[in-house]
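Only a predicted model underlies this, so the values are computations on that prediction, with no experimental measurement involved. Chain identifiers are assigned alphabetically (A, B, ...) following the order of the sequence lines, protein sequences preceding nucleic acid strands; residue numbering begins at 1 within each chain.
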Amino acid sequence: MYSVVLTKGVPDFREGQVSFDEDGHLERGKTPTVMNPNDKYALRAALQTKVRHGGDVSLMSMGPPGYKEVLQEGMADVYADDLYLLSDREMGAADTWATAMTVASGIGKLDQEPDLVFAGFKTADGETGHTGPQACWCLDRPLITHVISLDVDEDEGVVRAKRLVEGDVEEIETVEADLPAFIVTDPEFEPSYYRASHRLRHKDLREETQERAENYEDHVTVWDHSALNLDPDFIGLDGSPTIVEGVDPIPKAPSEREATTIDPSDGEGMSDVLETLQPHVAGD
Amino acid sequence: MTETDGGQTVDDAEHYEALVVGAGPGGAAAAATLARNDVETLVLERGVDAGSKNVSGGLIYAEKSAPYTIDRLFPDFREEATDREITDYYIHNVAGEQVKTFDITDLHEHDTEWSDAVLRRKMDSWLADRVHEMTRETGGGLLTEVRVNGLLREKGRIVGVTCDEIDPITADVVIAADGVNSELARDAGLTDWEDPDEYFQGVKAVADMPSDVIEERFGVSGDEGVAHLFSGDLFEGVRGGGFLYTNDDSLSIGSVFHLDSIAEERAEPHQLLDNLLTHPLLAEWLGDDYEEVEYGAKLVPDSKKMALKRPYRGRLLAVGDAAGQMQAQGPIIKGMNHAVTAGALAAEAYIEARSRDEENMMGHFYKEKLETEGVMDKLRPARYELASKVGENETVSNVVDSVVTSGVGRMAVSALGGTLERLYSSPFLVGMIPDTRTPYVTLPTVIAEELGTPVRERNDVQPPDLADRIGDLTYDVDVGNPHIELRDKSFAASGTAVTACPVSATDFGGGCYRAETVETNGSTEKVVSLDTQPCVECGTCAVVADTTWEHPRGGKGVDYKQG
């Protein structure tokens, strides 16, 4: 069983890491890049597949050379065997479509066709959730999104998944697809290891990977557009049909609020409080 | 598809040739012996790491007469996993501020190859790493955070185990090394939790102390260490004693009492420990910079009463505390060494039975090995069984007690003087000491009164209160899934837990057990309520109260960093 996990480096939006200028624009240079948090679920799903069925896992990303460190983070997490970075200036400023084209070409160039390609549920910066499904369209595979649990039946050559369908009520749908397939994990994805042998294998992989992740650069392959045989007009900014008209920072919440201090023994004051709260309690 | 008695199918189960439950010294010794003989061995440990659930007073022995010692099973054990070697051993008889000290190093050294102070997290976790390496070679390995919750049976026969976290496992031999509160030994009907007089309860504080300060205050150098024991009137008449052992850069200070005595006297174990910590005798050692890093507790089976004469059922072999193999005779306490021997002998018994194609005989072989190797006689000495019949008779005990305190007894103590030290050092006599007030309380008190000298040092130690002790422990609480349930909430049935539980106290709201008065239909009733969050999983309440008691799920509950 061979799996590829797609991942992206995103600004670390956690409090204390992220930096905005006075106008509310992200200061990219002052904000560290980390692996997209939602991709961790894709990594866990790939790891579960590797533990249960053996085989290799590759991690792939498109981005500047600094993304190698993002791949290392992923390697330590998913115990990946090798890392692929699709990187050159021609690929820069790509929208989701141009990215999907590039990534699909990267997957196509691998020596072995992956049985499963995994992607996380939307990135923390773009928030579109398009790249995975568009890459899947390029690869012409069955796509299962919002996956919360996964079971591969190698004998039957199928993957069975439970997916979380959110609507008026939350539903869990069980679906089956032929391999090779494309899986987008939901943040609710939970790996499960119910066999002692799986847990032992998991422990082996953790030990093996520690050393590999320390020397991760030995396991990185970098491909530029010519290695992927891609025309620069169809990738990067030039290949992106999306036109960004402008960027509006999210308005800051008003920092001044009106506050009144009321002594709990002040009966009149307290009844005013209750009166003010009453509509909110009623859900209006 | 074959259905097991629990409704699960054997086809669901994975099979390993040998399964060891619990990664303490007994489990480690069993697994190492099995792995050396190429037996595919899986070890399951419920803690987040081996040692995270374990507490011991802290001395491990290697006996000259034992067929197995831990350092022979695990080379480098002493260099990597233990603290100071105990080269001096004293017992202090205490009456108020009067103290008479005996040097009982001879008793300590009797049949001893070496004896080191240990902290269980460090020790067990080191052992577990070795065990995993060894067992992985056989196709098995060691898994943490998996709790075995019972036996898997097929047509009434034990065929494996069931777990909280993973599918059932079948095995040709199951070695229960799951401690004093063994769920497997109970499931097999080998032990119960009925009699408080079969147990001791130990509580312990680990206090930080830089190694150069230890060397200066205790007069030791290099790797040397010292053990001090305490008995007499400093524990409010509760039968038991205190100890202090030097680790590399910390001290283990604790007390061990008969659980029935704690229950009867309604004593609070943490207070008895504080009595020791604040006694003037300890002032010179603890100084004015006492810093407690961990408070812990455990039940200790009394092998004289509890060591299983037939520690097996079918293919289940119980070792260590799970089989009651914890020798506490007189002042010397030996548990881990017997667990090591028993673990290795259980493994030997399986291997022998397999090679002879007599697998149904493995339990019998194990029992025979415990007997022929002399383990059983150490655990249940025949002379104790004889002496206790007389010595523990209540009338006799009261007479002996009043003779000791009478003028005649006092004269005898004075006249014996230094000879008493030699008598205390007699392994033969120590094996006959009855479980009465006399040896633990009355005699040491009279010795101190008649022969002792006053200690007038000011002890400035302020032990942390129970809330701080609980607050300093690490827990991963299994929210919404308490592992203990109170079956009978009445104070009459379960009230003893309020005082006997080492993390509960009268008028303390932050512990496991609390007494409450509730009004129902006009009448008031005193009841007990339980919150398992601060539980240290010692098992005390399972014995002294009416509960349904299980261990928390794998990785959940208390996480001892010292142990």
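- Rounding to the nearest 0.5 Å gives a distance of 6.5 Å between NE2 of B/H132 and CG of A/L200.
- Across every non-hydrogen atom of B/E14 and A/S197, the tightest pair is OE2-OG, 2.6 Å.
- Within 6.0 Å of atom CD in B/E137, 12 or fewer heavy atoms from other residues, nucleotides or ligands are found, so the atom counts as exposed in its surroundings.
- In this structure, B/E165 contributes its side chain and A/Y194 its backbone to no donor-acceptor pair below 3.5 Å.
- Nearest heavy-atom pair, A/A196 versus B/L143, reported as atom, atom and distance to 0.1 Å: O-CD1, 3.7 Å.
- Residue-environment remark: CD (A/E69) stays at or below the threshold of 12 foreign heavy atoms within 6.0 Å.
- Within a 6.0 Å radius of CD in A/E211, no more than 12 heavy atoms belonging to other residues, nucleotides or ligands are found.
- Residues forming a side-chain contact (heavy atoms from CB on, under 4.5 Å) with B/A347 (at least two apart in sequence, or on another chain): B/T33, B/L34.
- Expressed to the nearest 0.5 Å, how far CG of B/D167 lies from NE2 of A/H198 amounts to 9.5 Å.
- Taking non-hydrogen atoms and a 4.5 Å limit, the residue list of residues 159-192 of chain A in contact with chain B is empty.
- Atom CD1 of residue B/I166 and atom CZ of residue A/R199 lie 6.0 Å apart, to the nearest 0.5 angstrom.
- In this structure, the side chain of A/K203 engages the main chain of B/L142 through a donor-acceptor pair within 3.5 Å.
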